[in-house]
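Heads up: the structure comes next, in structure tokens.
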Protein chains: 2
Amino acid sequence: MNQSAYKRKEDCPLTFALTLIGSKWRLPIIWALWKNKTLRYNELKRHVEGITNMVLSQSLKEMENQGLVVRRQYMEIPPRVEYSLTKAGEELVPSLESLAKWGKGMQATVKSDV
Amino acid sequence: MNQSAYKRKEDCPLTFALTLIGSKWRLPIIWALWKNKTLRYNELKRHVEGITNMVLSQSLKEMENQGLVVRRQYMEIPPRVEYSLTKAGEELVPSLESLAKWGKGMQATVKSDV
DNA sequence: CAGAATCCTCAACGATACTG
DNA sequence: CAGTATCGTTGAGGATTCTG
């Protein structure tokens, strides 16, 4: 995290992890795929309320490259594309739950005085 | 995370946790305080390489309000102000380590194909 | 159905200078 | 020493429209 540990910030595994899940729509996407296992593009979009095509398709493309998400395309008319989490993506969930548990504890104390 | 779980995104404990640690300088600050227990303002600034006064003081103020950081001011000349993590701040670390462990596993596989 | 293209906005962050 | 004040920049994300 600092110069004694890593030459560059991007080398820190924690910072790196946050780049994978930290942007605005990553968690909602991961969460929807975790709960539903497999979703088509427009199903996923319905689960992630408020996201635009622009951002969803871009996020999915990145997450596929990063090994978080699997994309399966079926050559049919009309087109069918299904998304699901990779094994690595699923292995992320326990860490998220740990963080969520901490966050839940914080909500009570922080909400009132911020 | 979605409408079935929370009416608003901010109600999700995980999203909430990320607002506390997700911005650019939060982790470096938390990490420096975790390793050194207590630091004066300028010491902290030296540990968090590249941060400006503007961002550091602003971040510390927010983190204090959020219950992550304790600020102790001593009425001396020259002024002395010491920062350290709160108990809640320290309790965050195991979750971060879990996430870092996952991130470390990802780095190897992702780095090459992104 | 599953996106891509284009343009735009805004908040986080950066740089520099100043102060009790 | 420990911050503020001011201004400038930038990039993630939003809105809208279009397409194989």
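Since the model is a prediction, treat every value here as computed from it, not as a measurement. Naming: A, B, ... by sequence-line order, numbering from 1 per chain.
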*Look at the side chain of A/Glu43 and the backbone N and O of A/Arg40, then say whether any donor-acceptor pair between them is shorter than 3.5 Å.*
yes
*Of all of residues 71-81 of chain A, which get a heavy atom below 4.0 angstrom from DNA chain C, listed by number?*
A/Arg71, A/Pro78, A/Pro79, A/Arg80, A/Val81
*Between A/Leu96 and A/Ile21, what is the shortest heavy-atom contact and its length?*
CD2-CD1, 3.7 Å
*For B/Glu64 and D/dA2, give me the distance from atom CD to atom C1', rounded to whole Å.*
14 Å
*Please give, in whole Å, the distance from D/dA2 P to B/Glu82 CD?*
9 Å
*Going by an N to O cut-off under 4.0 Å, is there a salt bridge joining B/Arg80 and B/Glu82?*
yes
*Once each nucleotide of nucleotides 7-14 of chain D is scored for protein heavy atoms under 4.0 Å, what B/S/- sequence comes out, 5' to 3'?*
------SS
*Under 3.5 Å, is there a donor-acceptor pair between the side chain of A/Trp102 and the main chain of B/Ala88?*
yes
*asked:* Measuring only between side-chain heavy atoms, which start at C-beta, is B/Leu56 closer than 4.5 Å to B/Tyr41?
replied: yes
_Without decimals, in angstroms, what is the distance between B/Glu62 CD and D/dG3 C1'?_
15 Å
*Side chains of B/Gln66 and B/Glu62: do they bring a donor and an acceptor to under 3.5 Å?*
no
*Return the value, rounded to whole Å, for the distance between atom CG of B/Leu56 and atom C1' of D/dA2.*
10 Å
*Roughly, in whole Å, what's the span from CZ in B/Arg40 to P in D/dC1?*
7 Å
_Integer-rounded Å distance: D/dA2 C1' and B/Ile29 CD1_ = 15 Å
*Do A/Thr38 side-chain atoms and A/Ser84 backbone N/O form a donor-acceptor pair below 3.5 Å?*
no
*What pair of heavy atoms forms the shortest contact from B/Leu39 to B/Ala32, and how long is it?*
CD1-O, 3.9 Å
*Would you mind reporting whether B/Ile51 and B/Pro28 have side-chain heavy atoms less than 4.5 Å apart?*
no
*Is the number of heavy atoms from other residues, nucleotides or ligands under 6.0 Å of A/Lys87 NZ greater than 12?*
no
*Taking all non-hydrogen atoms of both residues into account, name the closest pair between A/Leu33 and A/Tyr83 and its distance.*
CD2-O, 3.5 Å
_Where chain A begins and ends its contact with DNA chain C, read 5' to 3' at 4.0 Å from heavy atoms_ = C/dC1 to C/dT6
